[in-house]
Amino acid sequence: MQIIVSEGYEELCKAAAKVVAKTINSKPNAVLGLATGSTPLALYKELIRMHKEDGLDFSQVTTFNLDEYVGLPKTHYQSYHYFMHENLFKHINVPQQNIYIPSGTTDNYEAFCDWYERRIKECGGVDLQVLGIGSDGHIAFNEPSSSLGSRTRIKTLARQTIQDNARFFDKIQDVPIYAITMGVGTILEARTIILLASGKGKAPAIAGAIEGPVTSMNTASALQLHPDTIFFLDRDAASELKMIDYYLWIQEKAPSFPRGN
Ligand code: GLP
């Protein structure tokens, strides 16, 4: 694992955007795994800027989103379809037919989940997966007790997650209870993973993910098993890490030769 600590939120998103740009520049037809939530917003803003000002080209890129609320139509202002189009896709040149987001309104979820898994494989697998983290340590919507080998499926959201996400809806009763989500096993197959976290509210989840045991009680801890994961954190999100001095030391003394993770 690599842990990069930045002073603030904007800075960590800019550092993460450089990794995304590097992936696309070295492989123009890269497959990106994308996340929603408030955390990647500044990352997407920076990618839009890079597209408009530096010519970052998404014309051959394919994207797979992590998850979607069950029951929300694509046009709903809180659907992840709507979020992705508003905050990224409509500002860049990724072809419409290369965009995959789980359906929240299919009439056959099982078949859809199987197809989604198959489609990821047919496209060559995810080269770079972007993740946020829930306050209970979830990645995508893999709530505590999710199997660390899980695949794309329907999950029942934890009460904590419903409460956390209620801020985006008019009232808490409007937050869907179910979501369709890539599994932890699906996510772990990405070649490189970047997880972004900002703010004190994420500090316990981040401490559990990086320094806790690998446990389904914090599904981000499964990333300890992944060979190429980078955590982009701000000071607040990193504030409960016991080994923070070591991580900052590594960052400061970064060798110029390639090394393992
Ligand atoms: C939702 C999403 C996750 C995201 C999490 C954190 O639960 N399914 O992918 O990481 O929210 O969101 P935020 O970045 O708004 O804190």
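Note: hydrogens, waters and symmetry copies are ignored here, and every other heavy atom, side chains too, is used. Position 1 is the first residue of the sequence, and the numbers go up from there.
- Looking only at side-chain heavy atoms (C-beta outward), S146 and K155 come within less than 4.5 Å of each other.
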(Q) Applying side chain to side chain contact (heavy atoms under 4.5 Å, CB included) to L66 and L131, what does each step give before you reach the verdict? (A) CA-CA 9 Å; L66 287 168; L131 294 177; 3.7 Å; yes

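- The shortest side-chain heavy-atom distance between N98 and T63 does not fall under the 4.5 Å cut-off.
- The line from CG of D67 to CD1 of I101 is 10.0 Å long, rounded to the nearest 0.5 Å.
- Put simply, the side chain of E7 never gets that close to the backbone of D234: no donor and acceptor are under 3.5 Å apart.
- The aromatic ring centres of F112 and W115 sit less than 6.0 Å apart.
- Using modelled atom types, one side-chain atom of Y9 and one backbone atom of A42 make a donor-acceptor pair closer than 3.5 Å.
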**Q.** Test log, rule salt bridge (Lys or Arg N to Asp or Glu O under 4.0 Å), inputs K242 and E211
**A.** CA-CA 8 Å; K242 291 195 180 72; E211 297 180 335; 5.1 Å; no

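- Note on I180: it clusters hydrophobically with Y80, by side-chain heavy-atom contacts below 4.5 Å among ILVMFWY residues.
- Smallest separation of non-hydrogen atoms from T75 and Y82: O-CD1, 3.8 Å.
- Counting heavy atoms from C-beta on, the side chains of L32 and V126 never come closer than 4.5 Å.
- Taken from OG1 in T62 to CD in E122, the straight-line distance is 12.0 Å, to the nearest 0.5 Å.
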Q: Tell me, with the steps shown, if V61 and I24 meet side chain to side chain contact (heavy atoms under 4.5 Å, CB included).
A: CA-CA 8 Å; V61 165; I24 297 172; 4.0 Å; yes

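- Heavy-atom contacts from other residues, nucleotides or ligands closer than 6.0 Å to NZ of K45 number 12 or fewer.
- A heavy-atom distance below 4.5 Å is found between the side chains of L188 and L223.
- Of the inter-residue distances, the one linking L196 atom CG with I194 atom CD1 reads 5.5 Å to the nearest 0.5 angstrom.
- A side-chain donor from one of T161 and E143 sits under 3.5 Å from a side-chain acceptor of the other.
- Between the side chains of N93 and D57, at least one donor N or O sits under 3.5 Å from an acceptor N or O.
- A donor-acceptor pair is defined here as one N or O able to donate and one able to accept, closer than 3.5 Å; no such pair exists between the side chain of T23 and the backbone of L128.
- Listed by first and then second residue, the ring-ring contact (aromatic ring centres under 6.0 Å, His included) pairs involving residues 148-175 are Y69-F169 (not counting sequence neighbours).
- Hydrophobic clustering (ILVMFWY, side-chain heavy atoms < 4.5 Å, transitive): I120 and V130 are in distinct clusters.
- For the pair S221 (side chain) and G208 (backbone), a donor-acceptor distance under 3.5 Å is absent.
- T106 places no side-chain N or O within 3.5 Å of a backbone atom of S103 that could act as its donor or acceptor partner.
- At distances below 3.5 Å, not a single donor-acceptor pair connects side-chain atoms of R118 with backbone N or O atoms of Y116.
- A donor-acceptor pair shorter than 3.5 Å cannot be found between the side chains of Q2 and T229.
- One N or O on the side chain of Y109 and one on the backbone of G104 form a donor-acceptor pair closer than 3.5 Å.
- For the residue pair R235 and S6, no side-chain donor N or O sits within less than 3.5 Å of a side-chain acceptor on the partner.
- Under the 4.5 Å side-chain criterion, counting only non-hydrogen atoms from C-beta, Y100 is not in contact with N65.
- Between I162 and I172 there is a side-chain heavy-atom pair separated by less than 4.5 Å.
- Using a 4.5 Å heavy-atom threshold, the side chains of Q129 and M182 count as touching.
- Panel note: side chain N87, backbone F83; a donor-acceptor pair is recorded below 3.5 Å.
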(Q) Quick one, F232 with V19, criterion side chain to side chain contact (heavy atoms under 4.5 Å, CB included). Give me CA distance, side-chain angles, the key distance, then yes/no. (A) CA-CA 11 Å; F232 288 97; V19 176; 3.7 Å; yes

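- Residue R159 places its CZ atom among 12 or fewer non-hydrogen atoms of other residues, nucleotides or ligands, all under 6.0 Å distant.
- Summarising the geometry of D228 relative to R191, their closest heavy-atom pair is CB-O, 3.6 Å, with the distance given to 0.1 Å.
- By the criterion of side-chain heavy atoms lying less than 4.5 angstrom apart, applied directly or through intervening Ile, Leu, Val, Met, Phe, Trp or Tyr residues, I3 is grouped together with I193 in one hydrophobic cluster.
- Considering only residues two or more places apart in sequence or on other chains, T39 meets the side chain to side chain donor-acceptor pair (under 3.5 Å) condition with none of them.
- The heavy-atom pair separating A209 from A220 by the smallest distance is CB-CB, 3.7 Å.
- Distance NZ/K90 to CD/Q96: 12.5 Å, rounded to 0.5 Å.
- Panel note: side chain R167, backbone D164; a donor-acceptor pair is recorded below 3.5 Å.
- Using a 4.5 Å heavy-atom threshold, the side chains of L157 and Y178 count as separate.
- Between the OG atom of S59 and the NE2 atom of H51 there is a distance of 9.5 Å, given to the nearest 0.5 Å.
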**Q.** Residues D236, K202; criterion side chain to side chain contact (heavy atoms under 4.5 Å, CB included); working and verdict
**A.** CA-CA 8 Å; D236 283 342; K202 299 290 170 69; over 6 Å; no

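- The two residues Y44 and A35 come nearest to each other via the heavy atoms OH-O, 2.6 Å.
- In this structure, T105 OG1 and L72 CG are separated by 9.5 Å, a value rounded to the nearest 0.5 Å.
- Note: the hydrophobic cluster containing V20 also contains F89 (ILVMFWY, side chain heavy atoms under 4.5 Å, direct or indirect links).
- Take S147 and apply the side chain to side chain donor-acceptor pair (under 3.5 Å) test, not counting sequence neighbours, and it matches no residue.
- Under the 4.5 Å side-chain contact rule for hydrophobic residues, M50 and V94 share a cluster.
- When every heavy atom of D127 is checked against every heavy atom of A30, the shortest pair comes out as OD2-CA, 3.4 Å.
- If you run side chain to side chain contact (heavy atoms under 4.5 Å, CB included) between L233 and each of L241, I4, L12, only L241 comes through.
- Remark: side-chain polar atoms of N142 are not paired, donor with acceptor, to backbone N or O of H138 under 3.5 angstrom.
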**Q.** Verdict with supporting geometry, R49 and E46, salt bridge (Lys or Arg N to Asp or Glu O under 4.0 Å)
**A.** CA-CA 5 Å; R49 190 202 63 73; E46 178 64 3; 3.1 Å; yes

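- Taking both residues in full, the closest heavy atoms of T36 and M84 are given as CG2-SD, 3.8 Å, listed atom of the first, atom of the second, then distance.
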